[in-house]
Undergrad: 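Supplied in structure tokens, the structure appears directly below.
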Amino acid sequence: MSSKDIYDRSVEGVCSLIWDLEREFDLFSKEEDGVYFWRLVRFHLYYSMVQEIGIFGAPHPSHKFSLKKIISQFKGALVHSVLNHPCLNRRAYKYAVMPHTRQVNDRDIYSDELLQNLDKNQTLLIYKSLQGSLYPEGYSVLLDRLLRRYKDQVLGRRYALSENNAALVATIEMRIKAAYPLKLNLRNFTEGQIASFQQNVEMYRALFMRKKVQHLFVVIGYTCQGAVHAAHQCGIKVTELQHGTITKYHLGYSFPVSGDVVPYFPDRMLCFGKFWIDYTPLPQHMISEIIGAPYIKELLASGSVPEKKPKTIVFASQGVIGKLLFPFASACAVLLPDYTFIYRLHPSESLDDYKNMSIPQNFAFSTNSPDIFSLLRETEFHAGVFSTTLIEGMVLGCRTIVIDMAGYEYMMPVIEAGDALFVHTPEEFAEKIIDAPLCNDTGYYYGEKDLDFSWSSYLSS
């Protein structure tokens with residue numbers, strides 16, 4: 001039996017191939033100049049594979065390249081980097097926080113409660129991207145990253161894998177291509193990841209030591225592994241705040257193979273609820289705690305949830321599956337003319353993605369306003385594939401429907417728990433919509449803080 005017969009063209013198939021390779025070659029133990037390179041590669045490799053295979057589409061389908069916009073953002077980030085550089089002052093920072101760059105109502109909803117409990121004068125906000133220039137109290141590392149990359153280019157530094165690791169990477173690439181028809185240069189990608197990682201470790205280590213940082217908080221740990229490793233080298237405790245769906249199939253967090261030796265992972269992870277811990281093989285050496293989702297509690301506490309509007313359905317779109325989900329939702333609207341359908345675009349999408357599309361009378365698009373949580377509070381049904389908002393909608397009293405499309409695997413534990421209806425076709429959707437359930441125990445997904453957890457004790461430990 002060939003590899004092509006073993007691995008399906010699905011999220012589960014791609015993940016299974018990666019896990020098999022990790023098991024066969026003990027990939028998390030492989031080092032190159034002290035760098036555990038597979039940890040840097042696996043998540044990006046997964047996303048590259050599912051997109052090239054055609055399981056997922058592009059995450060930003062309509063975003064056209066705008067040189068003017070890029071130059072403006074770049075200029076702003078550079079100026080911001082210079083004016084807000086922490087090394088321009090003599091202040092020590094006890095805490096460093098790397099928040100999510102996307103904001104809701106002008107705040108990062110995932111780190112907001114943490115930031116309210118930190119001494120502002122002892123807290124350094126660090127942003128990795130061009131968006132760092134948008135936050136006046138933060139500091140963008142863009143300039144530092146560019147300077148280190150330029151330094152390596154001037155000195156002619158280009159990372160090259162050793163003979164043994166080059167052979168290993170070539171074997172892995174061959175095995176992947178035997179399973180899926182891909183254009184892949186895994187060696188170049190791996191070498192680039194190692195070079196970038198080393199530059200980032202050097203940069204963050206110098207910053208943390210100079211500013212005497214004692215505790216690093218990250219929101220998306222798998223995108224800042226250089227900072228995590230630098231912090232560990234400096235003896236700094238690292239905590240990650242959950243920011244979205246984590247499951248067995250999210251390779252930023254799922255380590256079913258060699259989960260006791262995962263490098264560059266935070267020491268602790270503060271999760272929304274027990275569900276995420278139960279269904280995700282997180283690294284065994286990491287401590288997980290439950291702090292709930294403060295932004296969800298805030299929504300529920302801001303007054304009673306308004307009465308649901310009968311026969312209203314919000315479809316949660318996502319860039320990677322929008323091209324398939326839209327015609328499905330439109331077909332459902334035709335079959336259910338007495339229902340109101342609201343197609344909510346993901347932040348990565350725009351209405352331009354759907355211009356010139358024919359839509360039924362009972363179908364409308366929704367973008368930024370009202371915010372998604374206000375929309376879900378008033379909606380009776382909520383449908384999608386694997387969007388985090390599906391579970392947020394469950395907590396806000398929506399009856400949930402999961403569509404059989406690429407990525408539905410993320411939601412299988414929810415379906416198996418009886419908290420969501422799983423359908424395959426628009427006809428089945430229309431036939432079974434009255435069977436869509438309410439969540440049995442919302443606290444399992446977004447729970448109360450662990451009894452022994454408090455920010456004051458956590459920050460003083």
Side-chain angles (χ1 to χ4, degrees), residues 28 34-47 77 80-81 84-86 93 95-103 108-112 114-115 118 123-135 137-149 189-190 192-211 213-244 246 250-255 262-271 282-283 285-286:
F28 287 110
V35 177
Y36 295 95
F37 56 87
W38 182 252
R39 174 75 169 96
L40 309 177
V41 168
R42 79 189 298 252
F43 179 79
H44 302 287
L45 174 63
Y46 161 78
Y47 253 100
H80 188 267
S81 297
N84 292 272
H85 203 291
Y93 294 94
Y95 310 106
V97 181
M98 302 180 75
H100 204 297
T101 51
R102 188 186 307 128
Q103 295 198 333
D108 168 25
I109 57 177
Y110 309 112
S111 63
D112 186 60
L114 164 67
L115 292 173
L118 296 179
T123 304
L124 173 64
L125 289 180
I126 302 174
Y127 294 94
K128 305 186 301 297
S129 68
L130 292 173
Q131 291 171 291
S133 62
L134 302 177
Y135 309 106
E137 296 179 353
Y139 152 63
S140 171
V141 297
L142 177 64
L143 179 60
D144 296 76
R145 291 173 63 186
L146 290 174
L147 289 174
R148 277 168 173 76
R149 187 167 297 179
F189 181 73
T190 301
Q193 287 295 305
I194 292 173
S196 179
F197 176 78
Q198 290 181 324
Q199 291 165 0
N200 286 334
V201 170
E202 179 185 348
M203 174 186 69
Y204 286 115
R205 184 172 60 234
L207 177 63
F208 294 154
M209 291 180 66
R210 183 165 183 174
K211 306 314 294 182
V213 172
Q214 299 176 33
H215 199 144
L216 171 66
F217 291 90
V218 298
V219 174
I220 312 178
Y222 58 86
T223 65
C224 49
Q225 295 176 83
V228 172
H229 185 50
H232 285 154
Q233 288 183 329
C234 297
I236 298 170
K237 182 167 68 173
V238 183
T239 299
E240 178 161 359
L241 306 174
Q242 184 178 349
H243 73 282
I246 59 173
H250 192 314
L251 295 195
Y253 301 99
S254 175
F255 299 92
V262 180
Y264 318 138
F265 206 91
D267 304 294
R268 295 189 179 189
M269 186 162 182
L270 305 182
C271 298
L282 294 163
H285 53 80
M286 185 210 64

Undergrad: Quick one: salt bridge (Lys or Arg N to Asp or Glu O under 4.0 Å) partners of R268, sequence neighbours excluded?
TA: E289
Undergrad: Taking all non-hydrogen atoms of both residues into account, name the closest pair between V201 and A230 and its distance.
TA: O-CB, 3.6 Å
Undergrad: Who passes ring pair (Phe, Tyr, Trp, His ring centres under 6.0 Å) against F189, sequence neighbours left out?
TA: none
Undergrad: Drop me the distance from Y93's OH to L125's CG, to the nearest 0.5 angstrom.
TA: 9.5 Å
Undergrad: Is P99 close to Y110 at the side-chain level, that is, under 4.5 Å between some pair of heavy atoms?
TA: no
Undergrad: Write down the atom of M286, the atom of F265, and the distance for their closest heavy-atom approach.
TA: SD-CE2, 3.2 Å
Undergrad: Can you name the nearest heavy-atom pair linking K211 to P86, along with the distance?
TA: NZ-O, 2.9 Å
Undergrad: Restricting to pairs with a member in residues 37-47, which pass salt bridge (Lys or Arg N to Asp or Glu O under 4.0 Å), not counting sequence neighbours?
TA: E22-R42
Undergrad: Using side-chain contact (heavy atoms from CB on, under 4.5 Å), reason through Q193 and T190 one step at a time and then give a plain yes or no.
TA: CA-CA 5 Å; Q193 287 295 305; T190 301; 5.7 Å; no
Undergrad: State, yes or no, whether a side-chain contact exists between W38 and L45 at a heavy-atom distance under 4.5 Å.
TA: yes
Undergrad: What residue among F37, F255, F197 forms ring-ring contact (aromatic ring centres under 6.0 Å, His included) with Y264?
TA: F197
Undergrad: So which atom in E240 and which in G221 form the shortest heavy-atom distance, rounded to 0.1 Å?
TA: OE2-N, 3.0 Å
Undergrad: With F43, which residues qualify under ring pair (Phe, Tyr, Trp, His ring centres under 6.0 Å), at least two apart?
TA: Y47, Y222, H250
Undergrad: OH/Y95 to NZ/K237 distance, rounded to the nearest 0.5 angstrom?
TA: 9.0 Å
Undergrad: Got a sec, which residues hit side chain to side chain donor-acceptor pair (under 3.5 Å) with Y46, two or more places apart in sequence or on another chain?
TA: Y410
Undergrad: By salt bridge (Lys or Arg N to Asp or Glu O under 4.0 Å), which residues pair with D267, not counting sequence neighbours?
TA: none
Undergrad: Nearest 0.5 Å, what's the NE2-CD distance between H232 and Q225?
TA: 11.5 Å
Undergrad: CG of D108 to CE of M98: how many Å apart, nearest 0.5 Å?
TA: 12.5 Å
Undergrad: Grab the two heavy atoms, one from I246 and one from M269, that are nearest each other, plus how far apart they are.
TA: CD1-CE, 3.9 Å
Undergrad: By side chain to side chain donor-acceptor pair (under 3.5 Å), which residues pair with Q242, not counting sequence neighbours?
TA: none
Undergrad: If you look at every heavy atom in T223 and I220, which pair is closest and at what distance?
TA: OG1-O, 2.8 Å
Undergrad: Under a 4.5 Å cut-off applied to non-hydrogen side-chain atoms, are L124 and L207 in contact?
TA: yes
Undergrad: Listed by chain and number, what are the side chain to side chain donor-acceptor pair (under 3.5 Å) partners of Q214, not counting sequence neighbours?
TA: none
Undergrad: Less than 4.5 Å apart, side chain to side chain, heavy atoms only: is that true for R205 and C234?
TA: yes
Undergrad: Applying ring pair (Phe, Tyr, Trp, His ring centres under 6.0 Å), name anything that partners Y204, two or more places apart in sequence or on another chain.
TA: F208
Undergrad: Just jot down the ring pair (Phe, Tyr, Trp, His ring centres under 6.0 Å) partners of Y36, sequence neighbours excluded, or say none.
TA: none
Undergrad: Would a distance-only check, ignoring hydrogens and angles, find a side-chain to backbone donor-acceptor pair under 3.5 Å from H243 to V219?
TA: yes
Undergrad: Does T239 have any side chain to side chain donor-acceptor pair (under 3.5 Å) partners at least two apart in sequence or in another chain, and if so, which?
TA: H215, Y458
